[in-house]
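In this chain, numbering begins with 1 at the start of the sequence shown.
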Amino acid sequence: MNYSKDEVMQYVAEEDVKFIRLAFCDVFGRQKNIAVMPGELERAFEYGIAIDASAIEGFGGEVRSDMFLRPDPATLSGLPWRPESGRVVRMFCDITRPDGSQLETDTRAILKSAVADARAAGYEFDFGSELEFYLFKTDERGEPTREPYDHAGYMDIAPDDRGENIRREICLTLERMGIQPESSHHEEGPSQNEIDFRYSDPLTAADNAVTFQSVVKTIAARNGLCADFSPKPLPDKPGSGMHINVSVHGKGDPLPQVIAGMMAKIRDMTLFLNPTRASFDRLGSCKAPGYISWSSENRSQLIRIPAATGPQRRAELRSADPAANPYLAYALIIHAGLHGIAHALELPPAADFNLYTASSEELRGFGRLPASYAEAAAAASASGFIREHLPDAIVEAYCRADR
């Protein structure tokens, strides 16, 4: 919707808004917020709203804990599940230190910087993510269980698919918030679901991915269920992925070089695309890639080029999962793509066969994704590429053994 500061002030005054949620994410992409009353909005825009950041992962300790949230008026959105009388709205924020300097571990700012680097090089990226999730029943105390809400299969319909009405409510809620869903369906796992929404510029796409998870969890809870975005909630069933569609516009046809750049840096990036130990229970099975490869349409690959032409032409990275922080994921993909362009990297031959059923002889020439959290952390920690584009505090937070 792209509101200005003055338009936000007018909207709040005219639409009976009583609470403004100033939203941001920690370094792992978990959304946080603080609510202010309308009388504080002018101060929020002018000076920022102070928060104690000492308890937020990656934001520093108690010694320098004062940070300021500065709302981005372009991200204003109402929260449709809150009352019409005394409305609640939300804006995403930039995070600064008391002297006005940007907090270096603000992952939204890191993505902004990557977008600026791409634009300076003459390229524009777009992203669209497909996030899968499970719906589980809750117990008599309202606590989540691991009992699926249904036992339907891929693209089944009601009554077997019991999540149909919940997906409908999610899609209508997203639409009211300015996010355009494109399709929704039941996935392969019991009570596993997917909702896809339109691609957009990187910052909007990351904001939308964070909003999407919040909406899904809220609507599920309103229906007495728990929405689970973890990568492998059921050990013997398909894991949940976050397939990231990437398109790029600029000089010539940069997409092949962007794909080559992603393949060259994928081992370095994996920790930030798959940031939990459970992430590595998913990779290598049930359509989740285990090898560094690409092909057209083939869903056993790391990178797939879907059957599309014109502005829909894109690459689909299939290794990431919903535990990833989308701001970091998109930023690293942009930088990897720019690396591929800058070094004129060439794509290796396409792997036009099923990697899940291939023989060891057929797989011999392919690199592998990290097989464990420890292996991914070691690759990230030793990577000059990662150290160049992410602050040490974020790298260290992700590499901590106690995670």
task: Would you check, one step at a time, whether the test side chain to side chain contact (heavy atoms under 4.5 Å, CB included) holds for D253 with R313?
output: CA-CA 11 Å; D253 180 15; R313 186 166 178 261; 3.0 Å; yes
Side chains of [X] and [Y]: is there a donor and an acceptor less than 3.5 Å apart?
| X | Y | result |
| --- | --- | --- |
| D156 | H185 | no |
| T276 | S279 | yes |
| R168 | S184 | no |
| R70 | T96 | yes |
| D352 | S295 | yes |

Short side-chain to backbone donor-acceptor contact, [X] and [Y], under 3.5 Å:
| X | Y | result |
| --- | --- | --- |
| T75 | D72 | yes |
| T145 | K137 | yes |
| Q192 | G239 | yes |
| Y373 | L271 | no |
| T138 | G224 | yes |
| T105 | G58 | yes |
| E362 | S359 | yes |
| E164 | D161 | no |
| T107 | I110 | no |
| S129 | L131 | no |

Quick one: do [X] and [Y] make a salt bridge, cutoff under 4.0 Å?
| X | Y | result |
| --- | --- | --- |
| D139 | R141 | yes |
| R167 | E194 | no |
| R318 | E130 | no |
| E132 | K287 | no |
| R108 | D207 | yes |
| K237 | E188 | no |
| R43 | E40 | yes |

task: Kindly assign one of parallel, tilted or perpendicular to the pair F133 and F229, based on the angle between their ring planes and the thresholds 30° and 60°.
output: tilted
Non-hydrogen atoms of [X] and [Y] that approach each other most closely:
| X | Y | answer |
| --- | --- | --- |
| I56 | D52 | CD1-O, 4.4 Å |
| C25 | G29 | SG-O, 3.7 Å |
| P148 | S191 | CB-CB, 3.9 Å |

- request: Taking side-chain hydrogen bond (donor to acceptor under 3.5 Å, both in side chains) as the test, write out the residues that go with D236, two or more places apart.
  value: none
query: By side-chain hydrogen bond (donor to acceptor under 3.5 Å, both in side chains), which residues pair with S319, not counting sequence neighbours?
result: none
Residues two or more places apart in sequence or in another chain: which of them pass side-chain contact (heavy atoms from CB on, under 4.5 Å) with [X]?
| X | value |
| --- | --- |
| T204 | S200, D201, N208 |
| A206 | L111, P326, Y327, Y330 |
| N33 | R21, A23 |
| A315 | L255, I259, M262, I303 |

D321/K232 under salt bridge (Lys or Arg N to Asp or Glu O under 4.0 Å): CA gap, chis, key distance, verdict: CA-CA 9 Å; D321 66 56; K232 192 74 170 176; over 6 Å; no
Working for salt bridge (Lys or Arg N to Asp or Glu O under 4.0 Å), residues E57 and K32: CA-CA 11 Å; E57 290 193 83; K32 312 284 186 180; over 6 Å; no
- request: Test D6 against S4 for side-chain hydrogen bond (donor to acceptor under 3.5 Å, both in side chains), laying out the working first.
  value: CA-CA 5 Å; D6 290 341; S4 67; 5.4 Å; no
message: The test is side-chain hydrogen bond (donor to acceptor under 3.5 Å, both in side chains); show your working for D160 and H151 and say whether it passes.
response: CA-CA 7 Å; D160 294 331; H151 293 276; over 6 Å; no
query: Counting only heavy atoms not in F19, do more than 12 fall under 6.0 Å of its CZ?
result: no
What pairs with [X] under ring pair (Phe, Tyr, Trp, His ring centres under 6.0 Å), at least two apart in sequence or on another chain?
| X | answer |
| --- | --- |
| F92 | none |
| H343 | H339 |
| F385 | H389 |
| F197 | F212 |

Can you find a pair of side-chain heavy atoms, one from [X] and one from [Y], that are under 4.5 Å apart?
| X | Y | value |
| --- | --- | --- |
| R119 | E124 | yes |
| E104 | L390 | no |
| F272 | N325 | no |
| Q31 | F24 | no |
| E316 | W294 | no |
| L79 | V89 | no |
| I334 | Y123 | no |
| I244 | F127 | yes |

task: Can you run down the salt bridge (Lys or Arg N to Asp or Glu O under 4.0 Å) pairs that involve residues 376-394, sequence neighbours left out, and say none if there aren't any?
output: R387-D392
field: Steps toward salt bridge (Lys or Arg N to Asp or Glu O under 4.0 Å) verdict (K112, D106)
entry: CA-CA 10 Å; K112 284 184 178 182; D106 177 0; over 6 Å; no
- request: Starting from the C-alpha separation in whole Å, work towards a yes-or-no answer on side-chain hydrogen bond (donor to acceptor under 3.5 Å, both in side chains) for R277 and S372.
  value: CA-CA 7 Å; R277 297 184 190 281; S372 67; over 6 Å; no
- prompt: What pairs of residues pass the side-chain hydrogen bond (donor to acceptor under 3.5 Å, both in side chains) test when at least one of them lies in residues 218-230, not counting sequence neighbours?
  reply: R146-D228, E169-N223, D228-S230
